[in-house]
Amino acid sequence: MSTPESPVTSNFIRTIINEDFESGKRDQVITRFPPEPNGYLHIGHAKSFSLNFGLAEDFNGRCHLRFDDTNPVKEEDEYVEAIQEDVHWLGFDWGEHLHFASDYFDQFYLWAVQLINAGKAYVDSQTAEQMRENRGTLTEPGLDSPYRDRSIEENLELFDKMKKGDFPDGAHILRAKIDMSSPNMNLRDPAMYRILHAHHHRTGDKWCIYPMYDFAHGQGDSIEGVTYSICTLEFEDHRPLYEWFIKELGIFAPQQIEFARLNLSFTVMSKRKLLQLVNDKHVSGWDDPRMPTLVGMRRRGYPPEAIRTFCERIGVGKGASWIDLSVLEECVREQLNKTAFRRQAVLNPLKVTLSNYPTDQIEELDAPNHPQQPELGTRKLPFSHELYIDRDDFMEDPPKKFFRLGPGREVRLRNGYIIKCDEVIKDENGEVVELKCSADLDTLGKNPVGRKVKGIIHWVSASQAKKVEVRLYDRLFNQENPDKAENYLNAINPESVKISTALVEPGLLEAKNGTTFQFERVGYFTVDSEDSQSGKPVFNRTVTLRDTWAKLK
RNA sequence: UGGGGCGUGGCCAAGCGGUAAGGCACUGGAUUUUGAUUCCAGCAUUCCCAGGUUCGAUCCCUGGCGCCCCAGCCA
């Protein structure tokens, strides 16, 4: 529902619907999300189903989930399950309306016979190659098939035999008799049914002829009473055919509306390419945290709310658009900032020894789980004379704008004391290996009088810190549009993941799979649900924090 | 050069004849025990271009230019 808190910006589809309601052309919104169960859903699909479910919700209608399973050689039950899970994950529900195009195969068959009887469809016996040759080109009309004028009786008989399995794949095909010289290629006697001796994931071996998309989609919409059949731009040229079948069949007419599919910078969206990334092991699977799939994003730690916000924020239009990855990342940060518990973790440790802190003392400091939301409670942070800080937070010869640690400088330990760097210890190679510091013991929870310490750095206590694996993910491609590369595989970012070890506060060992934390000053990290073991979590970097200092550098 | 679409700031996107919403990005500045967050401020005299209609055009008309899609027995 659109509320004052989440204003929905207008788009051309809403405008159409509003006009239809006002003119009385329609009085309800029934939409559908029609994936083919041949792969996992990606963020582009999320745009589509958020639109469909969102519209239904806003206009008090309903949205169906219908699997467009008309091509048995590509479809599997595994995907049917995964797709439902993903749609649910984003919080949408189709209620009673889970449908399959294959549920309508009997009806489709009857309709095909109806069109044959009306002289509007015929069995063609040309080979696929011949059909292609006779289809003409974009600028030249096609040629009628020599089988175009078969009698209705002969067509009926042949189609019946096709159905009974008397012919091998490709021997014949049922075509709509429209116009071989149409400037719209889709109207040049399009295929309606092909012979496919293949096992279907739902209908088994009942059929050996299967309807084409064009002879199934609109009719499926019609059967379900779909009022607005929303699809992507490449189907614009199919709309006249969609309407032709509906009209010739004399059945309820849904309205097809096309919108631009999503393109996200630094990623690829085509199923073929995503499949290749998986098959060729460029990623670990469909759920690799770098994949634009919903399973991948879930594993990465993107919250479903963030993806929904993203889908609303990008709008809906008809111009081929490229959305900047930063839009998605900002939606993720926005959501996580509100919900993620804060923790401290050091990714690149540098030892700090406090010379004036008792070597046998261990303190338990209180630290809020969320500084802006005290109601989320606190946790205890062990503190001792030996700590680790991040190497990035120390510079031996710092530039003027650097306000972290350096020789003789003071810095605040997050949730702890202010310390001062007294001495820098190096190894034989001149590498800084340790910092000797002194703590101002009167600065816990309060600022010192007379001086201002601007720098605040995170840390862990050396003896209590735990080692965990962290996976630092970055964009999978290093070109905005990987398709512009000679080969998109060449645009793969060789540093899209870096595995390393981090030192974290001890409580993090008990973190549950799938939960996300903010490692303060670093980024959001989510416990990997595949590779983590009890007491041995693996953290996926979901997204970094914004870093204006990195920009200054 | 057949047909179908689309052109509003760096990226999206409202607007539908009355004088350019919003988001992301970016730039300042304030607050801050996260250089995060939050907060304020700035960021298109102009809507692909050229004509025309009109008191007035991003919105209407004409003509250009640019980009996307279509020749699967895929969806």
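The sequence lines fix the lettering, A, B, ..., with proteins before strands; numbering per chain opens at 1. Keep in mind the model is a prediction, meaning the values are calculated, not measured.
No contact: A/Gln344 has no heavy atom under 4.0 Å from any strand. Counting any heavy atom pair closer than 4.0 Å across all strands shown, A/Pro371 reaches a base atom. Among the atoms of the strands shown, none is found under 4.0 Å from any heavy atom of A/Leu187. Using a 4.0 Å heavy-atom criterion, one finds that A/Thr443 contacts the bases of the nucleic acid, with or without backbone contacts as well. Residue A/His238 is classed as a base contact, given a heavy-atom separation below 4.0 Å to a base. No engagement by A/Gly142 is indicated, since no non-hydrogen atom pair under 4.0 Å with the nucleic acid exists. A/Phe215 comes within 4.0 angstrom of no nucleic acid atom, judged by non-hydrogen atoms across all strands. The residue A/Val522 sits apart from the nucleic acid: no heavy atom pair falls under 4.0 Å. Across all strands, A/Thr70 comes closer than 4.0 Å only to sugar-phosphate atoms, never to a base (heavy-atom distances).
The phosphate of B/G3 has neither OP1 nor OP2 within less than 4.0 Å of any side-chain N or O from A/Thr139. Taking side-chain N and O atoms only, A/Thr548 has a distance below 4.0 Å to OP1 or OP2 of B/A36. Note on A/Ser321: every side-chain N or O is 4.0 Å or more away from OP1 and OP2 of B/C11. Contact annotation: A/Arg412 does not reach the phosphate of B/U32 (side-chain N/O to OP1 or OP2, under 4.0 Å). Distances shorter than 4.0 Å separate none of the side-chain N or O atoms of A/Arg333 from OP1 or OP2 on B/U34. For B/G72, one of the phosphate oxygens OP1 or OP2 lies less than 4.0 angstrom from a side-chain nitrogen or oxygen of A/Arg135. When the side-chain nitrogen and oxygen atoms of A/Lys454 are compared with OP1 and OP2 of B/U32, none of them lie within a distance under 4.0 Å. Between A/Arg521 and B/U33 there is no side-chain N or O to OP1 or OP2 distance below 4.0 Å. Residue A/Arg546 has no polar side-chain atom (N or O) positioned under 4.0 Å from OP1 or OP2 of B/G35.
If you measure from atom CD1 of A/Ile314 to atom C1' of B/A13, you get 11 Å, rounded to the nearest angstrom. Spacing between atom CZ of A/Arg261 and atom P of B/C68 amounts to 15 Å, rounded to whole angstrom units. One atom, NZ of A/Lys271, and another, P of B/A75, lie 12 Å apart when rounded to the nearest Å. For A/Tyr210 and B/A75, the OH to P distance is 12 Å, given to the nearest whole Å. Straight-line distance from the CG atom of A/Asn11 to the C1' atom of B/A13: 10 Å, rounded to whole Å. Atom CD1 of A/Ile307 is separated from atom C1' of B/C24 by 17 Å (rounded to the nearest Å). Atom CG of A/Asn415 and atom P of B/A36 are 17 Å apart (whole Å). For the pair A/Asp169 CG and B/C74 C1', the interatomic distance rounds to 15 Å; values are reported in whole Å.
If you check B/A75, B/G15, B/A36 against the side chain of A/Leu545, the one that comes closest is B/A36. Minimum atom distance to the side chain of A/Asp68 is reached by B/A75, of the listed B/A75, B/G15, B/A13. Side chain of A/Glu234, nearest nucleotide from B/C74, B/C69, B/A36: B/C69. Among B/C70, B/A75, B/G35, the nucleotide with an atom closest to any side-chain atom of A/Phe403 is B/G35. Nearest nucleotide to the side chain of A/Arg404, out of B/G35, B/A75, B/U34: B/G35. Proximity note for A/Ile456 (side chain, C-beta onward) versus B/A25, B/G35, B/G15: the nearest is B/G35. Comparing atom distances between the A/Ile323 side chain and each of B/U34, B/C12, B/G3 picks out B/C12 as nearest. Closest contact between the side chain of A/Leu138 and the listed nucleotides B/U34, B/G15, B/C70 involves B/C70.
Between the side chain of A/Arg313 and the base of B/G22 there is no donor-acceptor pair of N/O atoms closer than 3.5 Å. With hydrogens and angles ignored, a donor-acceptor pair closer than 3.5 Å exists between the side chain of A/Gln518 and the base of B/U34. For a distance-only test at 3.5 Å, the side chain of A/His458 fails to qualify as a donor-acceptor partner of the base of B/A36. Judged by atom type and distance alone, A/Asp237 reaches the base of B/G3 through a side-chain donor-acceptor pair under 3.5 Å. For A/Glu133 against B/A71, no side-chain N or O and base N or O form a donor-acceptor pair under 3.5 Å.
When A/Arg451, A/Arg412, A/Lys446 are each tested for a salt bridge (Lys or Arg N to Asp or Glu O under 4.0 Å) with A/Asp440, only one passes: A/Arg451.
As the counterpart of B/U37, no nucleotide is assigned, since no Watson-Crick or G-U wobble pattern has both distances under 3.5 Å. Base pairing annotation: B/G10 forms a Watson-Crick or G-U wobble pair with B/C24, both donor-acceptor distances under 3.5 Å. Base pairing annotation: B/U62 forms a Watson-Crick or G-U wobble pair with B/A50, both donor-acceptor distances under 3.5 Å. With both pairing distances under 3.5 Å, B/C43 is matched to nothing as a Watson-Crick or G-U wobble pair.
With centroids closer than 5.5 Å and planes inclined by less than 30 degrees as the test, A/Tyr213 and the base of B/A75 fail to qualify as a stacked pair.
Between A/Val327 and A/Leu413, the residue anchored nearer the 5' end of RNA chain B, judged by the nucleotide with its closest heavy atom, is A/Val327. Taking for each of A/Phe519 and A/Trp322 the nucleotide of RNA chain B with the nearest heavy atom, the 5'-most of the two is the partner of A/Trp322.
Taken to the nearest 0.5 Å, the CD atom of A/Glu78 stands 12.5 Å off from the NE2 atom of A/His201. Going from atom CD1 of A/Ile457 over to atom CD1 of A/Ile389 covers 4.0 Å, rounded to the nearest 0.5 Å.
At most 12 non-hydrogen atoms from other residues, nucleotides or ligands lie less than 6.0 angstrom from NZ of A/Lys161.
The cationic atom of A/Arg343 (NZ for Lys, CZ for Arg) does not lie both less than 6.0 Å from the six-membered ring centre of A/Phe517 and within 45° of the ring axis.
Checking A/Tyr357 against A/Glu363 by side-chain atom types alone, a donor-acceptor pair falls below 3.5 Å.
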